[in-house]
Amino acid sequence: MNYYPEITPKEEVETDNVISHFILDFIDEDMAPGGQFEGLKVHTRFPPEPNGFLHIGHAKAIVIDFGTAELYDGLCNLRMDDTNPEKEDESYVKAIKQDIHWLGYDWGDRFYHASDYFEETYGYAEELIEKGLAFVCEQTPEEMRDARGTLTTPGTNSPWRDRPIDENMDLFRRMRAGEFPEGRYTLRAKIDMTSGNLNLRDPVIYRIAHKEHHRTGDTWCIYPMYDFAHPISDALEHITHSLCSLEFEDHRPLFDWVVANCSLPSKPRQIEFARLNINYTVMSKRKLRAIVEEGLVDGWDDPRLPTLSGLRRRGYTPRAIRDFCERNGVSKVPSVVDVKFLEYCLREDLNKRAPRAMSVLDPVRLTITNYPEGQSETFTVDNHPNDPKAGSHEITFSRHLLIEREDFMEDPPPKYYRLYPGNLVRLRGACIIRCTGCVKDDDGTVTEVFAEYIPGTYGGASPPGERVRGTIHWLDEETAVPCEVRLYDHLFTVEDPDGDTRDYHELLNPNSLTVLKNAFVEPWLATTHSKIGYQFMRQGYFIEDNHDSTNEHLVFNRSVSLRDSYKPEI
RNA sequence: UGGGAUGUAGCCAAGUGGUAAAGGCACGGGACUUUGACUCCCGGAUUCGCAGGUUCAAGUCCUGCCAUCCCAGCCA
């Protein structure tokens with residue numbers, strides 16, 4: 001399989017759950033007559049750092065950044081925030097672009113890099129020096145830390161703070177020229193060492209790094225810090241609204257300081273929102289990378305991971321993910337969304353669109369004793385119960401069938417509607433049968449179940465007088481296609497792995513993956529390869545694994561189970 | 001002991017001083033059903049972190065307190 005994710009057509013992911021929230025209110029103000037952006041087009045940007053794979057937390061940011069632009073008929077740029085050559089790599093860029101396209105968003109020809117602006121950014125640094133607003137500092141990292149003060153005590157000025165402008169300029173140019181080793185000098189903004197906001201205590205805006213950059217190569221040996229490069233990049237792209245997560249709230253005064261003191265072509269407004277968290281998983285790139293690199297999962301796209309590539313492999317649809325993000329709303333409350341809500345959004349989408357099929361995950365033989373050996377017939381079943389347009393396909397029936405082991409009990413609890421001796425059950429799409437018994441091996445394991453079909457009930461004809469409450473799925477032993485099925489559960493056993501003091505290795509769910517090697521599906525699936533997968537009736541939604549499934553060896557991942565209100569009465 | 005934010009049902013989340021505190025998820029009950037699915041009904045906050053105050057009227061305004069989150073990278 002391994003299909004390459006294409007741009008999802010927009011109408012494929014159209015959702016209409018937009019509700020008003022504070023960001024929209026701010027934008028409305030700004031665009032209204034008298035507002036600071038009156039007459040302009042709303043212009044946002046999504047600025048990932050290419051140092052890891054995108055996860056569903058990013059999806060929220062993407063939906064907000066691209067979605068807001070769409071809402072106002074504006075534009076959203078894609079920009080790689082690549083100001084730290086030490087951590088970033090081109091290989092992530094491709095994956096990031098793929099994931100955004102998959103979600104159904106497009107940046108047109110506006111794909112940029114912070115590194116595109118290194119020359120301009122450098123120029124703004126010289127401007128600050130010229131204005132006496134930046135200085136070259138010689139403090140070591142340790143000295144700088146000591147002089148920064150603490151959360152409750154003010155910092156003290158660097159001894160180099162009042163270096164003459166000419167000297168600053170000379171040193172800064174020589175930093176660029178590569179005359180100094182890493183760490184020897186930094187360029188710092190001259191703001192306020194006594195500020196309660198640590199970000200304003202003369203922050204470093206340029207550091208020396210003799211590192212090859214993935215795009216600019218060895219052109220530069222000094223690199224701007226995020227706080228300096230970001231507002232400049234935004235302004236150069238004429239971004240109106242720079243939407244970011246809450247932890248940058250403290251940085252807004254610095255963002256505004258840069259915008260106010262550099263001769264930039266526009267003045268973007270930064271607005272912060274709470275990032276998305278989901279229980280039973282982790283969302284930090286650092287932790288995800290550790291899990292991947294330690295081989296605890298099968299790569300960045302392991303279906304148990306909250307990465308977009310993992311969710312895609314798991315069978316999540318772009319629509320479900322966008323819907324999830326939109327329905328969660330936008331606020332400033334740090335929140336943890338129940339993973340059940342994510343699952344609900346997937347079922348909501350797949351229920352409408354996924355073709356239905358039958359699969360037996362844990363088979364046991366069912367023999368219809370009054371059906372002749374060697375005989376066989378074909379039934380036509382609808383691909384979707386509520387959507388005739390979805391078409392139909394054929395299944396075969398014969399004396400020996402396969403059913404789910406849990407659909408037979410010799411001695412069932414009350415209100416068990418499935419097979420047990422004497423009980424009537426409907427075989428989905430075929431006929432009604434009466435269970436007549438079973439045989440077991442020496443361990444007491446059921447090895448074969450027996451039943452008789454009730455003549456005249458083929459094709460779903462009305463039951464004969466008795467109420468048939470149970471319907472089970474089944475396969476024809478003759479035509480069933482063997483396959484592998486992978487079932488997934490939470491990656492972690494605790495709701496909040498980040499908040500747990502134990503090492504995360506202890507919190508990993510040992511049963512997060514269950515591989516079923518003895519499962520079967522209808523022959524129809526061997527040729528259909530539905531891109532959004534299938535509903536295996538009474539079980540859940542499954543999709544072919546985009547790494548491992550082949551025509552010779554089908555592999556299905558369970559995207560999400562069906563809701564199940566069956567509660568055994570003990 | 002600093003600065004910045006946030007507190008409305010188990011989880012998200014509307015609410016921008018005016019009769020009865022949206023909606024969704026989860027959960028429970030019921031109807032329907034050739035998926036114990038879907039769909040459809042019904043159910044929950046005398047109360048909005050707490051305490052005072054202003055007002056004819058406060059979740060919405062004021063004061064104080066409490067709790068939680070973020071910030072001391074030459075990361076983003």
Side-chain angles (χ1 to χ4, degrees), chain A residues 17 19-21 25 47-49 51 81-84 86-88 137 139-141 144-146 148-155 182-188 194-201 203-209 222-223 225-227 229-230 244-253 272 274 276 279 285 327-345 347-348 351-352 356 358 381-382 385-386 415-418 426-432 457 459-463 468-473 535-540 561-567:
Chain A
N17 302 302
I19 52 171
S20 75
H21 53 75
D25 292 343
E49 184 186 12
N51 69 342
D81 217 340
D82 57 352
T83 56
N84 184 0
E86 202 162 327
K87 304 208 294 196
E88 295 145 8
C137 186
Q139 285 184 314
T140 63
M144 206 180 286
R145 191 190 335 114
D146 292 343
R148 186 152 31 228
T150 69
L151 293 178
T152 52
T153 58
E182 283 181 23
R184 178 73 181 85
Y185 294 109
T186 57
L187 184 69
R188 294 226 259 164
T194 67
S195 172
N197 181 344
L198 288 295
N199 297 119
L200 264 21
R201 318 247 261 228
V204 170
I205 57 176
Y206 259 96
R207 77 284 213 179
I208 298 172
I222 58 172
Y223 294 93
M225 301 290 286
Y226 165 86
D227 282 312
H230 206 84
C244 63
S245 47
L246 244 32
E247 68 268 28
F248 292 102
E249 221 155 9
D250 286 351
H251 295 245
R252 182 162 17 106
E272 311 84 9
L276 170 70
N279 56 14
K285 274 189 203 170
R327 293 169 70 140
N328 268 320
V330 180
S331 75
K332 301 187 68 146
V333 189
S335 55
V336 182
V337 177
D338 197 333
V339 67
K340 284 189 164 75
F341 187 55
L342 210 212
E343 294 174 343
Y344 162 82
C345 291
R347 289 193 193 103
E348 178 93 332
N351 174 51
K352 293 184 200 131
R356 308 294 126 122
M358 291 197 281
V381 293
D382 291 336
N386 332 337
K415 295 195 179 169
Y416 180 84
Y417 302 147
R418 290 110 97 157
R426 177 179 293 109
L427 293 180
R428 167 85 208 191
C431 59
I432 289 162
T457 59
S462 301
V468 179
R469 299 202 63 164
T471 298
I472 64 171
H473 56 275
Q535 185 197 94
F536 289 174
M537 280 189 290
R538 304 211 304 137
Q539 301 192 117
S561 64
L562 243 35
R563 264 177 36 171
D564 183 6
S565 63
Y566 173 61
K567 292 176 286 293

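Throughout, protein chains are lettered first and strands after them, A, B, ... in sequence-line order, and every chain is numbered starting at 1.
- When heavy atoms are screened at a 4.0 angstrom cut-off, A:His251 is found touching base atoms of the nucleic acid.
- A:Val330 comes within 4.0 angstrom of the backbone, heavy atoms only, and of no base.
- Contact annotation for A:Gln539: no contact, since no heavy-atom pair falls under 4.0 Å across all strands.
- The phosphate of B:rC75 (OP1 or OP2) has a side-chain N or O of A:Arg207 nearer than 4.0 angstrom.
- Using modelled atom types, one side-chain atom of A:Arg201 and one backbone atom of A:Arg148 make a donor-acceptor pair closer than 3.5 Å.
- Note on A:Met225: only backbone sugar-phosphate atoms sit closer than 4.0 angstrom, heavy atoms only; bases stay farther off.
- Within 4.0 Å (heavy atoms only), A:Tyr344 reaches sugar-phosphate atoms of the nucleic acid but no base atom.
- Nearer the 5' end of RNA chain B, as judged by each residue's closest nucleotide, is the contact made by A:Thr152, out of A:Thr152 and A:Arg184.
- The two residues A:Glu88 and A:Thr83 come nearest to each other via the heavy atoms OE1-N, 3.4 Å.
- The stacking criteria are not both satisfied for A:Phe341 over the base of B:rA26, which would need a centre-to-centre distance under 5.5 angstrom and an angle between ring planes under 30 degrees.
- For B:rU33, there is no paired nucleotide, since no Watson-Crick or G-U wobble pair has both relevant distances below 3.5 Å.
- Using Watson-Crick or G-U wobble geometry with both donor-acceptor distances under 3.5 Å, B:rA5 finds its partner in B:rU68.
- Residue-level contact check: A:Asp25 touches the bases, meaning some heavy atom is under 4.0 Å from a base atom.
- Each of A:Asp250 and A:Arg356 has a nearest nucleotide on RNA chain B; the 5'-most of these lies closest to A:Asp250.
- Geometric assessment of A:Arg418 against the ring of A:Tyr566 yields a positive cation-pi assignment under the 6.0 Å and 45° thresholds.
- Residue contacts shown for A:Leu151 include a base, since a base heavy atom lies under 4.0 Å away.
- Contacts of A:Arg207 classified as salt bridge (Lys or Arg N to Asp or Glu O under 4.0 Å), with partners at least two apart in sequence or in another chain: none.
- Contacts of A:Arg418 with the nucleic acid, taken as non-hydrogen atoms under 4.0 Å apart, include base atoms.
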